[in-house]
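Just so we're on the same page: letters track the sequence lines, and every chain starts at 1. Just so it is clear, the structure is predicted and the values come from calculations on it, not from any experiment.
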Protein chains: 2
Amino acid sequence: MDTALDRAVRVFCERGYHATSIGDLTAAMRLATGSVYKAFRDKHAVFLAAFERYAALRQEQTRSAAAQGANGRERLRNMLLSYVEHSQGNEGRRGCLVVGSAVELSAVDPVVAALVSARLETNEGFIAGLIREGQADGSIPRHVAADDTARLMICITQGLRVVGKARLSLDGKRLVAVAMKLLA
Amino acid sequence: MDTALDRAVRVFCERGYHATSIGDLTAAMRLATGSVYKAFRDKHAVFLAAFERYAALRQEQTRSAAAQGANGRERLRNMLLSYVEHSQGNEGRRGCLVVGSAVELSAVDPVVAALVSARLETNEGFIAGLIREGQADGSIPRHVAADDTARLMICITQGLRVVGKARLSLDGKRLVAVAMKLLA
DNA sequence: GACAATAGGGAATGATTGTTTCCGAATAAA
DNA sequence: TTTATTCGGAAACAATCATTCCCTATTGTC
């Protein structure tokens, strides 16, 4: 069932919610319509489950990328680099479910809107935490405004996923090098 | 007819393409179904016309905001401030049609994908131009990599629209102050 | 080995979608 | 005034959608 949900994630990522028919869903999940409706109340419930699964997976990926850094500054760089890489190639073209949900559903679906906001705030808090770690270990100057910088970095990460969908090429090293100036 | 198209833009902005039925469209445009299909070949054609109209309007707004600056650096700051303001409040909640199209349609609609890419590249070129102007007039250091910085700033602007949809508050002054460090 | 329970599959069902067609009203030309 | 033409509006169309119902097969239990 989890493997079926992973396949649902893929479809929702690249097509979005409304453009994904439950025919698309059953084909991707290799399940019949009846089976899907036995496991989930309706299409919306499938989407919510897919969203939570996607969010958990991405959070795990992001945190483990950041973990491979000796100090706060390096952990931040690794996190940004990870984001650029996930915004490129096949995965970039497929798109981010959080960004997709924010754009497609936040205005009309309060439940999804709350999930999206919670996810963005969690990520922003994580980034702000990394900045403070860097300030504690001396790799980031004290005068850097942690909260404002974190919010701007959230914009960068979300923007990367948008730009990645548009197939613009992204040079991770160079882009991140520029972004790291925010920590000067 | 142009006023009807403006209303179509609003609907497409806040609902996206697939979630907008032609019933929604006719209600917003104050036109009957027959009239819409007399003016446009199909729903897709309405969307394309709305997209071009939206893009032209936003380009005009962005350029005139930038124009009110004494040098390259100030024009860049004005442009970013304008973006933050448009990402907030009612307009922010309504959303950006370029971002929406990139996320919802770029993967499945080559025509829209081309329009979106063209728009992003135009904007990126505009930003890079402002940076070079600033370097020419001495308000931006020579060592700033114009193209890389412009691409990152495109990510910021697109990300602002995503975050604005999620109803996160955006403090223009503070956010832009942080972003301007990219020009150091 | 028989039976109950459940999970999965696929056809049937309304509802809604995009699209077309037809009709009336208003305007311009003659 | 009359004719022709454009424009808007509502009903009708086929297709597709999400959802439900029922049947089959498999599993676990007694």
Side-chain angles (χ1 to χ4, degrees), chain A residues 1-54 95 97 100-101 103-113 115, chain B residues 1-54 95 97 100-101 103-113 115:
Chain A
M1 177 53 65
D2 273 354
T3 151
L5 204 51
D6 282 328
R7 291 196 261 256
V9 168
R10 288 178 67 104
V11 182
F12 277 129
C13 275
E14 60 189 13
R15 304 251 254 267
Y17 180 77
H18 289 288
T20 302
S21 74
I22 101 125
D24 298 331
L25 229 35
T26 57
M29 296 170 91
R30 278 93 169 255
L31 252 47
T33 38
S35 307
V36 171
Y37 276 88
K38 200 144 298 188
F40 303 94
R41 191 160 37 81
D42 53 15
K43 180 182 166 184
H44 195 256
V46 182
F47 183 81
L48 258 39
F51 183 95
E52 308 242 35
R53 185 164 180 81
Y54 174 86
L97 197 48
S101 303
V103 171
E104 193 187 358
L105 298 173
S106 261
V108 290
D109 188 330
V111 177
V112 172
L115 288 176
Chain B
M1 175 53 66
D2 273 354
T3 150
L5 204 52
D6 282 328
R7 290 195 262 253
V9 167
R10 286 178 67 104
V11 181
F12 277 130
C13 275
E14 61 190 12
R15 304 254 254 265
Y17 179 78
H18 288 288
T20 303
S21 74
I22 100 124
D24 298 330
L25 228 35
T26 58
M29 297 170 89
R30 278 94 169 252
L31 251 46
T33 40
S35 306
V36 171
Y37 277 89
K38 202 147 297 189
F40 303 94
R41 191 161 38 80
D42 53 15
K43 179 183 167 184
H44 195 255
V46 182
F47 183 81
L48 258 39
F51 182 95
E52 308 241 35
R53 185 163 179 82
Y54 174 84
L97 197 48
S101 304
V103 171
E104 193 187 359
L105 297 173
S106 261
V108 291
D109 188 329
V111 176
V112 172
L115 288 177

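- In this structure, B:L25 atom CG and C:dT19 atom C1' are separated by 13 Å, rounded to whole Å.
- In the interface, the side chain of A:T33 is not paired with the base of D:dA18 through any donor and acceptor atom under 3.5 Å apart.
- A:K43 has its NZ atom 17 Å from the C1' atom of D:dT20, to the nearest Å.
- The distance from atom NE2 of B:H44 to atom C1' of C:dT17 is 17 Å, rounded to the nearest whole Å.
- Map A:K38 and B:R30 each onto its nearest nucleotide of DNA chain D; the residue landing nearer the 5' end is B:R30.
- A:V108 is listed as a side-chain neighbour of B:R15, based on a closest heavy-atom distance under 4.5 Å.
- Taking only side-chain atoms of A:S35, from C-beta outward, the nucleotide of C:dT17, C:dG9, D:dG8 with the closest atom is C:dG9.
- The aromatic rings of A:Y17 and A:F47 sit perpendicular, their planes meeting at an angle over 60°, well past the 30° parallel limit.
- Rounded to an integer number of Å, the gap from OH of B:Y37 to C1' of D:dG8 is 16 Å.
- In this structure, CG of A:D42 is placed 8 Å from P of D:dT20, rounded to the nearest angstrom.
- Taking atom CZ of residue B:F40 and atom P of nucleotide D:dG8, one finds them 11 Å apart after rounding to whole Å.
- Going from atom CD1 of A:I22 over to atom P of C:dT16 covers 17 Å, rounded to whole Å.
- When every heavy atom of A:L5 is checked against every heavy atom of A:V46, the shortest pair comes out as CD1-O, 4.4 Å.
- Residues passing the salt bridge (Lys or Arg N to Asp or Glu O under 4.0 Å) test with B:D42, sequence neighbours excluded: none.
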